[in-house]
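Working notes, beginning with the structure itself.
Just so you know, ligand 1 is whichever comes first in the structure, and atom 1 is the first atom listed for that ligand.
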Amino acid sequence: MLVVSAHAADYVWRAGGTIAKYIKNGAEVKVIVLSYGIRGESNDLWKAEGATAESVKSVRAGETNAAAKILGITGMEFWDMEDYPIVFTREHDERMVRAIRAVQPDIIITHDSFDVLNPDHNQTHDFVYRCSIMSNSAGVRLEGTKTTKQMRLFGFEPHQTELSRYVPGSFIDITESYEQKVDAMKCFKAQSHLIEYYTQRAFLRGNHARRISGNNTYKYAESFANFFPVVGGELY
Ligand SMILES: [Zn+2]
């Protein structure tokens, strides 16, 4: 599994339970954090006396490393890009294609196609989607890399779900990793207001997961957008 997060905490709020669950069950998971979210997602840290870009970055790096440790992530990569706005060049495209081809993922999780509140998330969606398609193309020649097979792609649930025209395609039961997710979320001091929000969201999605599946053991869940339809030999 490859997870690409625009900012330092996005992967925790939106997929932390799923990531921890996959790791617990033996999956290899790599997380790429494109930026520390210094300009766009660190407001509380800037209120500290004498705050600088370096001091904010150092706090954010510490927080996201602590969260990753709680979730069991060992494969973290930081690109340290500037955010607000995040700007992708052809060099970034090549770097991401190389990263995807190195991992050869069965699953990629990143931002969904539209987030009404965060243009960086939209840009990251376009970037990862474009690079995933390029990774599959034999014509995109990059020395030392091997073309990928079509992987399954999933989008994070955006913060303002309805305003972002988000439609859940998959509900993942995270009951077994819910406590890890909560502990990981608590690492982000500058965004403490989001902890309660995403705790409630896991409860709400757990309710939906139970109702849709009839499985009453699902207490907490995360939802994701499916970039592609489900394919198989039977309806399920
Ligand atoms: Zn973000």
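- Under the 4.5 Å side-chain contact rule for hydrophobic residues, Val140 and Phe88 do not share a cluster.
- A donor-acceptor pair is defined here as one N or O able to donate and one able to accept, closer than 3.5 Å; no such pair exists between the side chain of Thr145 and the backbone of Arg98.
- No donor-acceptor pair closer than 3.5 Å links the side chain of Ser35 to the backbone N or O of Asp80.
- One of the N, O or S atoms belonging to Asp10 lies under 2.8 Å away from the Zn ion (ligand 1).
- Among the atoms of Glu41, an N, O or S atom falls under 2.8 Å of the Zn ion (ligand 1).
- Side-chain contact of Thr124 with His121: a donor-acceptor pair under 3.5 Å is absent, judged by distance alone.
- Among the backbone and side-chain atoms of His111, none of the N, O or S atoms lies under 2.8 Å from the Zn ion (ligand 1).
- Between the Zn ion (ligand 1) and the N, O or S atoms of His121, the shortest distance is to NE2.
- Note on Tyr129: it does not cluster hydrophobically with Phe114, by side-chain heavy-atom contacts below 4.5 Å among ILVMFWY residues.
- With respect to the Zn ion (ligand 1), His7 has ND1 as its nearest N, O or S atom.
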